[in-house]
Amino acid sequence: YMSQLTLERAKELLPKHTTEDHLFVHAACVSAAMGAMADYFGEDRDHWEAIGWLHDVDYEAYPSTEEHCHHVREFLAPEGVDEADIRSIISHGYGITTDECEPITNLEKSLFTVDELTGIVHAYALMRPEGMDGMSVKSLKKKYKSLNFAAKCNREVIERGFEMLGLDPAVVMQACIDGMTAHKEEIGF
C-alpha cells in the first residue's frame, strides 16, 4: 500500500534530485498556486501542494524536452510514491515533453496550467517594488498579453490549460496570486 504524497514528504524528496536554487523557487511557486487551486475546488490542499512541489523532480537531471517527465517514475516509484501521484506529475508534460498521461483530474489540469502561469506572476512580482503585495488580476492580464514579457512562459500551454479546466482565466490568475502571496516569504518576495 502506498500512501498519498504529503508536502512534507515532497520536500524531503526534491533535494535528492535537485540542487539549483531557481528550481526550488519554481517548486515553491507552483506548490503555492496548487494550494490555492485545491481550495478553489474544495480538495486536499496539502496533497495538491505536494504535487506542485515535486512536479519538476526530473528536470535538473533531464531538462531536455525529449527527456523531461520521462524519468519521474524511476525517481519516485522506489520512494513509495503512489502511482496516481506519479501519473499526475508526468501529466504536466502532456503534449510538450510526453504523450503518456493526459491531464484528466482537476489536480492534473491545474498543474498543467499553473506551471507556466506562475512564471509570469513571478516575473511580474520581481519588477514590482511591492513584490506580490496588492497584485491585481487586471494588471497581471496586461503583462500576460504582452508577449515579450516573460517570453519563455508558454502562453499556448496556459491557454490549453484554461480550456481544459473550463475556467475563466481570471479565476486561475487570482489563485496563482493568492497562493503565491500567502507563501511570499518562502518564495523570496
Side-chain angles (χ1 to χ4, degrees), residues 4-38 45-123 125-126 150-158 160-161 164-165 172 175-176 179-180 183-184 186-189:
Q4 185 170 275
L5 193 64
T6 62
L7 183 56
E8 187 184 6
R9 181 78 176 123
K11 287 182 177 182
E12 285 167 10
L13 291 174
L14 189 60
K16 294 187 178 190
H17 304 284
T18 302
T19 61
E20 295 170 28
D21 281 347
H22 72 102
L23 293 176
F24 285 101
V25 172
H26 178 61
C29 289
V30 173
S31 178
M34 285 297 285
M37 290 301 290
R45 183 196 294 190
D46 184 78
H47 179 229
W48 285 43
E49 286 179 343
I51 297 289
W53 197 271
L54 212 47
H55 80 284
D56 272 350
V57 65
D58 75 348
Y59 185 80
E60 187 172 313
Y62 299 102
S64 75
T65 46
E66 290 75 43
E67 297 273 1
H68 177 41
C69 295
H70 292 253
H71 300 270
V72 173
R73 192 170 277 110
E74 79 195 49
F75 284 6
L76 297 183
E79 300 284 359
V81 176
D82 186 80
E83 175 57 32
D85 290 340
I86 290 173
R87 207 210 101 84
S88 292
I89 289 170
I90 293 171
S91 77
H92 86 273
Y94 184 74
I96 308 160
T97 64
T98 173
D99 291 319
E100 188 189 339
C101 300
E102 184 174 358
I104 292 166
T105 64
N106 285 331
L107 182 155
E108 291 167 353
K109 293 171 185 177
S110 295
L111 179 63
F112 183 90
T113 311
V114 306
D115 181 24
E116 293 287 317
L117 186 53
T118 54
I120 296 175
V121 179
H122 186 193
L126 289 175
K152 289 203 304 262
C153 299
N154 190 329
R155 267 63 166 186
E156 205 181 302
V157 168
I158 298 168
R160 218 184 309 161
M164 277 181 198
L165 283 164
V172 188
C176 286
M180 288 169 65
H183 290 266
K184 62 185 181 185
E186 189 173 20
I187 293 164
F189 49 75

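Heavy atoms only: backbone and side chains are in, while hydrogens, waters and symmetry mates are out.
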Requested in this report: List the steps, then state whether side-chain contact (heavy atoms from CB on, under 4.5 Å) holds for Leu165 with Lys109.
Outcome: CA-CA 6 Å; Leu165 283 164; Lys109 293 171 185 177; 3.6 Å; yes
Report summary line: With sequence neighbours left out, the residues meeting side-chain hydrogen bond (donor to acceptor under 3.5 Å, both in side chains) with His17 are none
Query raised in the report: Among all residues two or more places apart in sequence or in another chain, which pass the side-chain hydrogen bond (donor to acceptor under 3.5 Å, both in side chains) test with Glu102?
Result: none
Query raised in the report: Residues in side-chain hydrogen bond (donor to acceptor under 3.5 Å, both in side chains) with Arg9, at least two apart?
Result: Glu12, Glu79
Query raised in the report: CG of Leu54 to CD of Glu49: how many Å apart, nearest 0.5 Å?
Result: 13.5 Å
Query raised in the report: Can Leu107 and Ile51 be said to form a side-chain contact (heavy atoms from CB on, under 4.5 Å), step by step?
Result: CA-CA 9 Å; Leu107 182 155; Ile51 297 289; 3.8 Å; yes
Query raised in the report: Is the backbone N or O of Leu7 less than 3.5 Å from a side-chain atom of Asp46, with the two atoms forming a donor-acceptor pair by type?
Result: yes
Query - Residue list, side chain to side chain contact (heavy atoms under 4.5 Å, CB included) with Ala36, at least two apart or on another chain - result: Ala175
Query - Cys153: partners by side chain to side chain contact (heavy atoms under 4.5 Å, CB included), with sequence neighbours left out - result: Glu116, Ile120, Ala150, Arg155
Requested in this report: Could you tell me whether the side chain of Asp56 and the main chain of Tyr59 form a donor-acceptor pair under 3.5 Å?
Outcome: no
Query raised in the report: Any donor and acceptor pair, going by atom type alone, linking the side chain of Thr118 with main-chain N or O of Asp115 inside 3.5 Å?
Result: yes
Query raised in the report: Quick check: does any side chain N or O of His183 sit under 3.5 Å from a backbone N or O of Ala33, one acting as donor and the other as acceptor?
Result: no
Report summary line: d(Glu108 CD, Ile89 CD1) to nearest 0.5 Å is 10.5 Å
Query raised in the report: Within the side chain of Glu20, is there an N or O that forms a donor-acceptor pair under 3.5 Å with the backbone of Glu60?
Result: no
Report summary line: Sorted by chain and number, sequence neighbours left out, side-chain hydrogen bond (donor to acceptor under 3.5 Å, both in side chains) with Ser91 holds for none
**Report entry** Expected output: side-chain His55 to main-chain Gly52 donor-acceptor under 3.5 Å
**Finding:** yes
